[in-house]
Amino acid sequence: VAELADFGLPIFLDLKLHDIPNTVAKAVQALGHLEPAILTVHAAGGQAMLENAKAAAPAKTKVVAVTVLTSLDQRDLAAAGVKGTPAEQVTRLAALARTAGLDGIVCSGEEVGAARQAWPDGFFVVPGVRPATAGAADQKRIVTPRAAIDNGASILVIGRPITDADDPAAAIRGIAATL
């Protein structure tokens, strides 16, 4: 990560920090020298943890809260004791993140449209993005890159459709052509 930062590339630290407020703040402080463009924390850590993370981050770092992982569906949430749909949980956690002063959230493309309506100036990271020709793998709530952008995504997270491709550069060009 430090080598990439030395090249001047924007760094997205998708660490999903989740611990007591003081521990998360110390972790964010320890990462500050990297000056990440985006840093993730888990919204389920609570308001104090979210506030401390944002306060500890460099001024230019967007701190975003992970709401519901795209590998989870309603059945998974219920097994963890969460009532309601993934969309309802995203709505609850997005409101918490906004109240805590974060810059935005991480949510699936299925929920980003409603999140953007509720938080027009929020920053929305959308993972679980797959080209129409790609399989879902372990993702349960996926959308195409075009749908994610149309629904209000600020930035897309596209992993395995690129990293697992025989020709990653061609995969990127193919995805870009759909946008």
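- Checked options Leu102, Val125, Leu39, Val41; the residue passing with Val64 is Val125 (criterion: side-chain contact (heavy atoms from CB on, under 4.5 Å)).
- Expressed to the nearest 0.5 Å, how far CG of Leu72 lies from OG of Ser108 amounts to 10.5 Å.
- Formation of a donor-acceptor pair under 3.5 Å by the Thr40 side chain with backbone atoms of Leu15 is found in this model.
- Counting heavy atoms from C-beta on, the side chains of Lys16 and Asp14 come closer than 4.5 Å.
- Put simply, the side chain of Asn151 does not reach to within 4.5 Å of the side chain of Arg116, judged on heavy atoms.
- Linking Ile, Leu, Val, Met, Phe, Trp and Tyr residues whenever their side-chain heavy atoms come within less than 4.5 Å places Val63 and Val1 in a single cluster.
- Rounding to the nearest 0.5 angstrom, the gap separating the NZ atom in Lys60 from the CD atom in Glu35 is 7.5 Å.
- Looking at Val112, Val90, Leu93, Val126 one by one, the single match for side-chain contact (heavy atoms from CB on, under 4.5 Å) with Ile105 turns out to be Val90.
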- Verdict with reasoning, Ile38 to Leu13, per side chain to side chain contact (heavy atoms under 4.5 Å, CB included): CA-CA 6 Å; Ile38 306 168; Leu13 287 179; over 6 Å; no

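- Formation of a donor-acceptor pair under 3.5 Å by the Arg146 side chain with backbone atoms of Leu179 is found in this model.
- The shortest distance between side-chain heavy atoms of Val24 and Ile20 does not fall below 4.5 Å.
- Atoms CG and CG, on Leu69 and Leu77 in that order, are 9.5 Å from each other to the nearest 0.5 Å.
- Considering CG of Leu96 and CD of Glu51, their distance stands at 8.5 Å, rounded to 0.5 Å.
- Salt bridge status for Arg160 with Asp138: present, with a side-chain N to carboxylate O gap under 4.0 Å.
- A perpendicular orientation is assigned to the rings of Trp119 and Phe124, their planes being inclined by more than 60° (bins at 30° and 60°).
- Counting only distance, with no hydrogens or angles, the side chain of Thr99 and the backbone of Ala95 share a donor-acceptor pair below 3.5 Å.
- Panel note: side chain Thr61, backbone Ala57; no donor-acceptor pair is recorded below 3.5 Å.
- Judged by distance alone, the side chain of Arg141 and the main-chain N or O of Asp73 form no donor-acceptor pair under 3.5 Å.
- Annotation: side chain of Leu31 is not in contact with side chain of Lys26 (no heavy-atom distance under 4.5 Å).
- Interatomic distance, Leu156 CG to Arg130 CZ, rounded to the nearest 0.5 Å: 12.0 Å.
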- Message: Would Ile162 and Ile175 count as a side chain to side chain contact (heavy atoms under 4.5 Å, CB included) here? Give the steps.
- Response: CA-CA 9 Å; Ile162 296 169; Ile175 292 167; 3.9 Å; yes

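- Nearest heavy-atom pair across Thr67 and Ala94 is CG2-N, 4.3 Å.
- Here the straight-line distance linking atom CZ of Arg98 with atom CG of Asp121 works out to 6.0 Å at 0.5 Å rounding.
- Counting only distance, with no hydrogens or angles, the side chain of Gln89 and the backbone of Pro86 share no donor-acceptor pair below 3.5 Å.
- Closest of all the heavy-atom pairs between Pro127 and Cys107 is CD-O, 3.3 Å.
- Listed here is the closest heavy atom pair of Ala97 and Gly104: CB-O, 4.3 Å.
- Here the side chain of Ser154 pairs no donor or acceptor atom with the backbone of Phe123 at under 3.5 angstrom.
- Under a 4.0 Å N-O distance rule, the pair Glu88/Lys83 does not qualify as a salt bridge.
- Hydrophobic clustering of Ile, Leu, Val, Met, Phe, Trp and Tyr side chains at less than 4.5 Å, counting indirect connections, unites Val28 with Met49.
- Judged as a side-chain hydrogen bond (donor to acceptor under 3.5 Å, both in side chains), and not counting sequence neighbours, the contacts of Lys140 are Asp76.
- Using a 4.5 Å cut-off between side-chain heavy atoms of Ile, Leu, Val, Met, Phe, Trp and Tyr, with links allowed through other members, Phe12 and Leu17 fall into different hydrophobic clusters.
- Between Glu110 and Val143 the shortest side-chain heavy-atom distance falls below 4.5 Å.
- Val129 has its side chain out of reach of Thr144: every pair of non-hydrogen atoms, C-beta onward, lies at least 4.5 Å apart.
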